[in-house]
**Q** 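Submitted below is the structure of interest, expressed as structure tokens.
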Amino acid sequence: MLFDTGPRNNGSVILDHVRQLGFTARDLKWIVLSHSHAAHIGALAEIAEQTGAHVYAHPAAEGWLIDHQRQFRERYERFSDRLPLDETFKNYFFDRLGRPWYPNTWIETFPLSLDTPRSMEIRHTPGHSSDSISLYLKEEGILICGDAFMGAGTGNTLPRYDDPEAYTATLTSFLELQPNLLLSAHFAPLSREKLQPALQQSQTMVELLHRFIHESLKRRPDGYDIGFLTRMVTARFSRITDVVAAIPVQAHLMALEREGKVHFEIDRWKPGAPKQSIVIESIIR
Ligand SMILES: [Zn+2]
Ligand SMILES: [Zn+2]
């Protein structure tokens with residue numbers, strides 16, 4: 001089984017490893033995609049084609065998995081009139097993507113026990129994205145979670161998620177599961193002892209960001225546009241201010257709106273209760 005394919009042209013690297021382990025490409029039977037983001041799916045077509053593996057993904061992955069232009073538009077380009085989006089970033093995004101490939105199975109029920117020699121389970125672990133799924137190797141107690149865990153705090157970039165509440169709940173589910181090892185895509189492996197402090201620190205960061213954004217809005221009845229607010233957040237919590245940083249900031253704004261604490265009006269997020277006529281999507285061009 002392969003969990004995520006990595007970027008375009010990664011196929012030969014992975015299949016070399018498969019052969020070094022004494023297997024052939026055809027022995028790779030299943031591919032599970034953690035979610036639809038570019039770096040995780042770029043080599044899907046090349047690996048699926050060469051192996052004939054059965055591909056599993058969450059149904060919410062469909063739009064971005066098969067339409068890469070749409071992924072770019074909806075994830076980044078929509079913020080580009082407010083925040084920097086340079087050509088290098090754009091080229092890097094598309095460079096990682098190979099041909100689109102349609103999965104064999106959209107997983108509808110969770111957790112899903114797989115009919116494999118090893119006891120494995122696919123769990124829905126949303127927050128980073130609604131389509132995020134994790135693979136749990138029951139006997140070994142190893143949880144492979146893709147981007148469902150976004151690191152213990154902020155470094156150069158803000159932790160990325162589409163829904164802070166779901167993200168926090170997913171980390172709580174990891175704490176309850178108590179795996180021996182947590183393997184995420186972009187951060188160091190976490191052994192059982194390191195799991196709790198790292199996950200709790202990540203949850204604390206989410207709370208701090210939530211409070212900071214809410215307090216900032218309360219200080220200014222006029223509100224802010226997404227660019228201004230993102231600059232405020234990155235100046236306080238990270239280093240890089242670009243379209244990518246707007247993703248978690250907007251996620252917090254949407255959560256605050258669900259809580260009835262802010263609302264969106266003519267291009268600006270303002271403190272106060274939501275009004276009926278608001279179309280949140282209009283912020284997103
Ligand atoms: Zn991701
Ligand atoms: Zn990722």
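Hydrogens, waters and symmetry mates play no part in the numbers below; they use all other heavy atoms, side chains included. Counting starts at 1 for both ligands and their atoms, following the listed order. As the structure is a computational prediction, the values presented were derived from the model and not from experiment.
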**Q** Report yes or no: does H40 have an N/O/S atom closer than 2.8 Å to the Zn ion (ligand 2)?
**A** yes
**Q** Under 2.8 Å from the Zn ion (ligand 2) - does any N, O or S atom of H186 fall there?
**A** yes
**Q** Treating Q250 as the side-chain partner and I226 as the backbone partner, does any N or O pair qualify as donor plus acceptor under 3.5 Å?
**A** no
**Q** So which of the N, O or S atoms of D147 lies nearest the Zn ion (ligand 1)?
**A** OD2
**Q** Looking at the Zn ion (ligand 1), which N/O/S atom of H128 is the nearest one?
**A** NE2
**Q** Looking at the Zn ion (ligand 1), which N/O/S atom of H35 is the nearest one?
**A** NE2
**Q** Without swapping roles, check the side chain of H68 against the backbone of L65 for a donor-acceptor pair under 3.5 Å.
**A** yes
**Q** Do H17 and F23 pass the ring-ring contact (aromatic ring centres under 6.0 Å, His included) test, and can you show the C-alpha distance, the side-chain angles, and the key distance before you say yes or no?
**A** CA-CA 9 Å; H17 282 295; F23 299 100; over 10 Å; no
**Q** Less than 4.0 angstrom from a charged side-chain N to a carboxylate O is my criterion; do E121 and K138 meet it?
**A** yes
**Q** Among the N, O or S atoms that H37 has, which is closest to the Zn ion (ligand 1)?
**A** ND1
**Q** Hey, which of R258, H128, M254 is the one that makes side-chain contact (heavy atoms from CB on, under 4.5 Å) with D163?
**A** R258
